[in-house]
*Asks:* 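Got a structure for you, written out below as structure tokens; questions coming shortly.
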Amino acid sequence: MERKIKDSKVLVTGGAGFIGSNLCEALLQQNNHVVCLDNFMTGHRHNIEAFLSNPNFTLVEGDIRNYEDCQKAVEGCDYVLHQAALGSVPRSIKDPMTSTDVNIGGFVKMLHAAAEAKVKRFVYAASSSTYGDSKALPKVEHKIGNALSPYAITKYVDELYAKNFSDLYGIETIGLRYFNVFGRRQDPNGAYAAVIPLFVKKLMAHESPVINGDGTYSRDFTYIENVIQANQLAAITPTDVIKERQAEYYKAIDESLSLNHSSLNIISEVFNVAYGQRTDLNELTQSLRENLSKFDREIAKVEILHGPNRAGDIPHSLASIEKGKMLLRYKPEYSIQSGLQEACKWYVYNL
Ligand SMILES: NC(=O)c1ccc[n+]([C@@H]2O[C@H](COP(=O)([O-])OP(=O)(O)OC[C@H]3O[C@@H](n4cnc5c(N)ncnc54)[C@H](O)[C@@H]3O)[C@@H](O)[C@H]2O)c1
């Protein structure tokens with residue numbers, strides 16, 4: 001069965017961002033026409049510079065909060081891979097209104113425009129933050145806790161809207177709950193940079209990275225290639241195939257959930273997207289230092305410091321990826337180690 005989107009027209013919202021630009025690149029390699037909708041709020045022109053001269057690439061500079069921009073971008077598209085949002089838990093705590101405006105208001109506009117344009121499937125970036133304060137490990141899609149931030153709320157509300165729009169308007173939706181994604185083009189700059197690019201930048205400048213807390217908190221760090229694979233499978237796995245596997249999956253985990261899903265004629269699902277292994281912050285930082293010191297031996301001597309724990313951080317996060325494996329045949333190809341090697345190499349030559 002086909003595992004990649006080919007010969008299609010695909011809208012990538014947030015296509016100038018970290019994940020979006022990697023999706024654009026992968027899609028262009030498979031002879032797709034790619035439309036990128038972005039307002040460059042956190043994304044960068046340099047992320048898509050290489051695609052601008054490609055006749056199969058169209059940039060729509062616009063805002064998902066503007067319905068006309070959404071309509072223009074989605075016109076004639078087969079699939080939408082919706083990545084545009086304001087990421088970062090701390091950003092949403094500092095400015096909940098803008099995060100809500102973009103992540104919910106913009107999401108609903110894009111979803112509505114996609115339903116109106118009758119796209120084949122609307123695949124969107126959901127988040128592991130939806131598990132909130134749930135202590136259960138590994139995280140399984142149907143068991144979530146209480147949200148711990150405005151960001152987490154926005155991402156969960158998106159899931160509710162997606163399901164509701166599937167029921168009301170018949171648009172197929174798949175939410176991908178990403179777990180700490182990393183890789184080439186992830187932004188190391190700004191107040192809300194993610195831990196891996198932030199620490200890489202520090203180490204390359206021979207400055208000490210500061211771990212929040214004692215470093216025993218752990219995450220299921222996920223390399224970008226695995227995320228690209230999940231998006232492609234989520235878009236093209238046929239409805240009847242998912243339905244067949246869905247019945248089997250829900251029967252195995254909980255018969256009552258299977259009733260819920262078997263009544264639907266269209267797909268509306270969420271999946272964890274991760275590698276399925278957790279790494280603590282001490283191990284991560286050590287591994288970054290080792291990888292980077294292959295390029296600059298001085299980095300091996302940079303000291304690693306510890307600061308106070310950050311408010312709202314959960315101690316551990318680890319995904320069950322069984323549902324994605326079963327329904328989409330998701331098979332992450334990059335472990336954290338192989339992903340870190342690739343990412344470090346990229347930063348050494350591009351930062
Ligand atoms: N990186 C992760 O670890 C992670 C984890 C969970 C979920 N996610 C989700 O994945 C998606 C992509 O994240 P990323 O890490 O690539 O972030 P990013 O900031 O690099 O990319 C987001 C893109 O969306 C664009 N954007 C923001 N607001 C917009 C608006 N109003 N209109 C049009 N474009 C807009 C930005 O300019 C940027 O290019 C987001 O939805 C994020 O919430 C990311």
Side-chain angles (χ1 to χ4, degrees), residues 3 18-19 22-23 81-83 85 87 89 103 121-149 151-160 162-163 166 172-183 194 196 217-237 242 245-246 248-250 252-254 257-258 260-261 267-279 313-336 339:
R3 290 180 64 83
F18 157 49
I19 297 173
N22 278 289
L23 288 170
L81 305 181
H82 178 66
Q83 312 301 310
V89 164
N103 298 6
R121 204 167 279 162
F122 183 88
V123 178
Y124 62 97
S127 167
S128 60
S129 63
T130 293
Y131 290 102
D133 65 358
S134 160
K135 292 206 168 54
L137 289 178
K139 311 289 182 199
V140 182
E141 284 84 345
H142 63 282
K143 286 186 187 150
I144 62 170
N146 299 304
L148 294 170
S149 67
Y151 173 73
I153 293 174
T154 67
K155 288 290 176 176
Y156 183 53
V157 169
D158 289 351
E159 293 187 7
L160 299 176
K163 170 85 173 62
S166 294
E172 292 208 331
T173 59
I174 292 191
L176 300 175
R177 289 184 189 158
Y178 300 155
F179 281 67
N180 295 76
V181 187
F182 69 97
I196 291 180
Y217 279 19
S218 63
R219 297 289 180 265
D220 197 335
F221 294 101
T222 309
Y223 188 55
I224 185 68
E225 283 296 331
N226 301 332
V227 172
I228 294 171
Q229 184 199 114
N231 271 275
Q232 308 229 35
L233 293 171
I236 61 161
T237 307
I242 296 184
R245 295 171 182 168
Q246 217 177 22
E248 214 180 306
Y249 174 77
Y250 284 110
I253 58 159
D254 186 341
L257 290 166
S258 108
N260 230 342
H261 284 261
I267 302 299
S268 180
E269 271 293 2
V270 288
F271 295 94
N272 290 338
V273 174
Y275 184 67
Q277 183 184 307
R278 70 193 159 103
T279 303
D313 268 353
I314 51 156
H316 304 292
S317 179
L318 169 69
S320 159
I321 54 170
E322 291 311 307
K323 186 176 173 187
K325 278 184 175 170
M326 196 156 168
L327 273 66
L328 301 176
R329 299 292 187 259
Y330 167 65
K331 191 169 172 272
E333 282 170 5
Y334 282 78
S335 65
I336 167 119

*Asks:* How long is the straight-line distance from CG of N272 back to NZ of K325, given to the nearest 0.5 Å?
*Replies:* 12.0 Å
*Asks:* With the side chain counted from C-beta on, respond yes when Q277 and S335 share a heavy-atom pair under 4.5 Å apart, and no when they do not.
*Replies:* no
*Asks:* Below 4.5 Å, heavy atoms only, C-beta onward: do L328 and E269 meet side chain to side chain?
*Replies:* no
*Asks:* Output the distance between atom CD1 (I314) and atom OH (Y217), rounded to the nearest 0.5 Å.
*Replies:* 9.5 Å
*Asks:* Tell me whether N146 contacts the main-chain N or O of D133 through its side chain, where contact means a donor paired with an acceptor under 3.5 Å.
*Replies:* no
*Asks:* Could you verify whether a donor N or O on one side chain and an acceptor N or O on the other, from Y178 and N231, lie under 3.5 Å apart?
*Replies:* yes
*Asks:* Drop me the distance from E141's CD to L327's CG, to the nearest 0.5 angstrom.
*Replies:* 9.0 Å
*Asks:* Going from OG1 on T173 to NE2 on H82, what distance comes out if it is rounded to the nearest 0.5 angstrom?
*Replies:* 12.0 Å
*Asks:* To check you understand the geometry: which heavy-atom pair defines the closest contact between A274 and T222, and what is its length?
*Replies:* CA-OG1, 3.2 Å
*Asks:* How close do I321 and P332 get, counting heavy atoms only, and between which atoms?
*Replies:* CD1-CG, 3.8 Å
*Asks:* Assess whether side-chain contact (heavy atoms from CB on, under 4.5 Å) is satisfied between K323 and Y250, documenting all intermediate values.
*Replies:* CA-CA 9 Å; K323 186 176 173 187; Y250 284 110; 3.0 Å; yes
*Asks:* Working note: I242 + I174, criterion side-chain contact (heavy atoms from CB on, under 4.5 Å); need CA distance, chi angles, decisive distance, verdict.
*Replies:* CA-CA 11 Å; I242 296 184; I174 292 191; 4.1 Å; yes
*Asks:* List the steps and the verdict of side-chain contact (heavy atoms from CB on, under 4.5 Å) for R219 and D313.
*Replies:* CA-CA 11 Å; R219 297 289 180 265; D313 268 353; 4.2 Å; yes
*Asks:* Can you name the nearest heavy-atom pair linking R329 to Q229, along with the distance?
*Replies:* O-OE1, 4.4 Å
*Asks:* Just wondering, do K155 and D158 contact through their side chains at under 4.5 Å, heavy atoms?
*Replies:* yes
*Asks:* Can you tell me how far OG of S128 sits from CD1 of I144, rounded to the nearest 0.5 angstrom?
*Replies:* 12.5 Å
*Asks:* Near Y156 OH, under 6.0 Å, is it more than 12 heavy atoms from other residues, nucleotides or ligands?
*Replies:* no
*Asks:* Roughly how far, to the nearest 0.5 Å, is OG1 of T237 from CZ of R245?
*Replies:* 6.5 Å
*Asks:* Please verify the inter-ring angle class for F221 with F182; under 30° counts as parallel, over 60° as perpendicular, anything in between as tilted.
*Replies:* perpendicular
*Asks:* So if I apply the side chain to side chain contact (heavy atoms under 4.5 Å, CB included) rule between V123 and each of L176, L23, L233, which one comes out positive?
*Replies:* L176
*Asks:* Which pair of non-hydrogen atoms, one from A147 and one from A152, has the smallest distance, and what is that distance?
*Replies:* CB-CB, 4.1 Å
*Asks:* Just by modelled atom types, is the F179 backbone N or O under 3.5 Å from a matching donor or acceptor in the D220 side chain?
*Replies:* no
*Asks:* Walk me through it: do E159 and Y124 pass the test side-chain contact (heavy atoms from CB on, under 4.5 Å)?
*Replies:* CA-CA 9 Å; E159 293 187 7; Y124 62 97; 3.7 Å; yes
*Asks:* Using atom types as modelled and distance alone, determine if a side-chain donor or acceptor of E172 lies under 3.5 Å from a backbone N or O of I267.
*Replies:* yes
*Asks:* Where is the tightest heavy-atom contact between L81 and A235, given as atom of each residue plus distance?
*Replies:* CD2-CB, 4.4 Å
*Asks:* Do you know the tightest heavy-atom contact between G276 and L318?
*Replies:* C-CD1, 3.6 Å
*Asks:* Y131 ring centre to R177 NZ or CZ under 6.0 Å, with the angle to the axis within 45°?
*Replies:* yes
